Structure formats: structure tokens, C-alpha cells
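See structure below.
So that the names make sense, note that chain A is the first sequence line, chain B the second, and so on, each numbered from 1. Only a predicted model underlies this, so the values are computations on that prediction, with no experimental measurement involved. Values below: every heavy atom of this structure, side chains too, minus hydrogens, waters and symmetry copies.
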Protein chains: 2
Amino acid sequence: MTTGQRAPARTRLLETADRVLFERGIRDTPVDDLLRQAEVSAATLYTHFGSKDALVAEVLRVRLSDWRGVWDQHIVAADNDLDRLLSVFDALASYRRDQGHPSRWCAFLAAATELPEAPDEISDVLAGDTALLADRLLQLSRPIAGPHAQDLADQVLLAYTGALAGFLRGSPRSPIDVGRRLAHAAAQAHSRD
Amino acid sequence: MTTGQRAPARTRLLETADRVLFERGIRDTPVDDLLRQAEVSAATLYTHFGSKDALVAEVLRVRLSDWRGVWDQHIVAADNDLDRLLSVFDALASYRRDQGHPSRWCAFLAAATELPEAPDEISDVLAGDTALLADRLLQLSRPIAGPHAQDLADQVLLAYTGALAGFLRGSPRSPIDVGRRLAHAAAQAHSRD
DNA sequence: GTCTATAAGCGGATAGAC
DNA sequence: GTCTATCCGCTTATAGAC
């Protein structure tokens, strides 16, 4: 379905930014490099977004939206309570596989570390991701852990966050698998209550 | 035992850097701010260390050494196999309590994120931390999980890393407690084999 | 001899003007 | 779409104080 038509400048810029920013590092990627790779002029960037920070924020919002969609699908596809809870790990594996350019670890957490004094527009996305995770994991924990659902949800969130940070650390070898097993052990412990 | 004597410039610089770099962010802290806060001249920094990167590297090496010492003490103090394995969490809580200025999350992982193209001198410290964790956790897992020690060690490392990243995410509320319980559940699952 | 104060060079990055 | 003003951060040079 390649039409030969070139995507509009705004789209090219967003896609380039998403591909480069989280591989090379947000701060380490000069705007000029993005412009050159996207074949877009500086004026275009500042008309459409206003600043590098605003571009970063928009890229992050798109990521969050995509991620939510992928997770949605995996929740629907799961056919029992345990698999629904653990589907966050399958969704993560799927999300990383689908984008040809896996980021070094997590775009939201990386932004929080690299841009500690960034405008709220940016930190809000991490907050949104965290809220999404916390809310859903709590719901999905109820059928398994009942009154201890919050406890289980906290543990699964931590295992998920650990899997992401495991990529940054470079250990263990397959962070998503290990995180999933860890969350599984936590769920088992809670279903024996 | 305060003598009124001022610590030497090199020491003041190291202490200031350790306090500020991981609170405000490594890249977001200009050298000038460190100099002003440490009441040290620029010439002193560059004669003692040679560059900002080299100063960062030295601060990280000191941190790794301190952290190893704290963990040592907690391993010795533990009086059974399970507590020895989980002592990494108690050591982390203790380490963070002892430094008056808890960093936002983990200095080594933050450096890896903020300085992706940093000299080996810097990335080596994260590698050293990871090797320390992986080696020790494997040893401490053997008495509990026997042939599955590597599996358990991977999971505890991931829970530990997740606790650190949990501070960055701001959730769950008490990452170290949650991480410890998670590792506990993993150990229990392995001791039932 | 160690440290301070000051200033300036220099590359690089953002942002906006033309 | 190009080009450039402006700023900022790291580093070094100079000269002097304790």
C-alpha cells in the first residue's frame, strides 16, 4: 500500500522523533538531527509544535495512546483472570516487537530522568501511564486476591517497572519473562490466602 | 568533633556533587553551580579531576563502594538463608536513610540514562553494580533454590531494580517494602520445588 | 604550593528572522 | 527552506591571595 506519496511534514517529524529520541537519548539528540532525518525545516517544527519539549510531549502522548491500545487487545484476548492480570507483560513484549526500533527501556521513565525540570506537559504523560497501570492492575487483581488486591497490584506494577528497568541495566537477560514469572509467583501467593 | 576546619576542596567538591547531581539531574546541573555550592574554583576542579565526566565517575565509584559496604553489613547481620537473600532490600533502605539526600532513584541507572554516550569510566560503574548484584544474589539463592538458583536470583534482581525504578515512577508508595515482599514470594515459590 | 577570582574561548543547541 | 542571532555550558588562561 505504498503510494509513493510522502507523508506530511508533521507526521515525518513525529515518526523520526519517536524512532531516534529514545534510542540515542532525548537530551543527546539535537533538533538539527531530527530535522535532517525527517527532511523537515526548522520553521516547520516550530510552527507545528513550538519547541523541542512540546514535540517530545506529543511523541510521548502518542506512545501512551498506542500502548493503551496494545494492552487493551491483550486483555480482551486473555481467557482467565490470571492471564488477564499477566497480560501486561505480553502486551509489553508485543509493543516492543511491533515497533521496529525498541527503545533502550521506557520512554516515559527516560523522559522523567532526562528532563527532571521539564514542563508539566511532559511529566503528565508518565503520571498518565502510572495511573493507567495502577488502575487497571487493581481491577485485574480483585478476582484473584479479593481484599488483598491492592497488595497484589502493587507487586505486579513493581515487577512490570522492574522489567523495563531491566533493559536499561542489561540484566537479567530476558526481563519481560522474568518479570512475568515474578508476577505469577505473587499471584499464586495471593490466591492461597 | 567539629573542628571548624574546612574540608579540603576535593572533598567539598565530591560531597556537593554527590548531593546535587542525582537530585537535580546530572545533565541539568551546570558545573558552575557545583563550583558555587562547593565554594571551589574552576581551576581546582580541573586540576583534581580533569573534566565534569571524570568527577561524575569518581562520585559514582565512591557510591558503589559505600553501597557494597552497607550491603556487607546487612548480609552478616542476617541469621538465616532467606533473610540473607532479602537483605539487599534492607540494605537499600538503610543506604537511602543514611544519606541525608536520597537521590530520586538510582545514581547508576540515572547515569546510564542521562549519559548514553558517556566514557566507559562511567558506564563501568553500572556494570560493576550489576555484576555485584548478580554474583551475590546467585550465591545467596543457592541454599534456597538449589539447581534453580539462577532463576531465583534473576527474579530478585528484577524486584530490586523495580524497587529503584519505583521511586522514579512514584508508585507504588513504598517500593522497597513491595519489592521485598515480591522477592519473598519468589523465594517461597522456589523452596516448594 | 594549594587554592581563589575573573574572564574569555569555543563549540553546540534552541529559536526565530528573513 | 536557509540562515543567523543568541544563549549556555564546559574548559582553560591569567593573575593573585593565604
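- Checking the phosphate oxygens (OP1, OP2) of C/dG16, no side-chain nitrogen or oxygen of A/Y46 falls inside 4.0 Å.
- Other residues, nucleotides and ligands place no more than 12 heavy atoms under 6.0 Å from the CD atom of A/E23.
- B/R12 comes within contact range of the sugar-phosphate backbone alone, with a heavy-atom separation under 4.0 Å but no base atom that close.
- Cation-pi geometry between B/R96 and B/F167 is met: the NZ or CZ atom falls under 6.0 Å from the ring centre, inside 45° of the normal.
- A/T47 and A/T44 form no side-chain donor-acceptor contact under 3.5 Å, judged by distance and modelled atom types alone.
- The CG-P distance, from A/L115 to C/dT14, rounds to 12 Å in whole Å.
- Residue contacts for B/S51: at a heavy-atom cut-off of 4.0 Å it reaches the sugar-phosphate backbone alone, with no base atom in range.
- To the nearest angstrom, C1' of C/dT4 lies 12 Å from NE2 of B/H48.
- If you check every strand for non-hydrogen atoms under 4.0 Å, A/V40 touches nothing.
- Between A/D32 atom CG and C/dG11 atom P there is a gap of 16 Å when expressed in whole angstrom units.
- In terms of phosphate contacts, B/R6 brings a side-chain nitrogen or oxygen within less than 4.0 Å of OP1 or OP2 of C/dT4.
- One interatomic measurement links the two molecules: CG of A/L35 to P of C/dG16, which rounds to 14 Å at whole-angstrom precision.
- Computed from coordinates, the B/R24 CZ to D/dG9 P distance equals 8 Å when rounded to whole Å.
- Among the protein residues, A/T44 comes within range of no part of the nucleic acid, since none of its heavy atoms lies under 4.0 Å from any strand.
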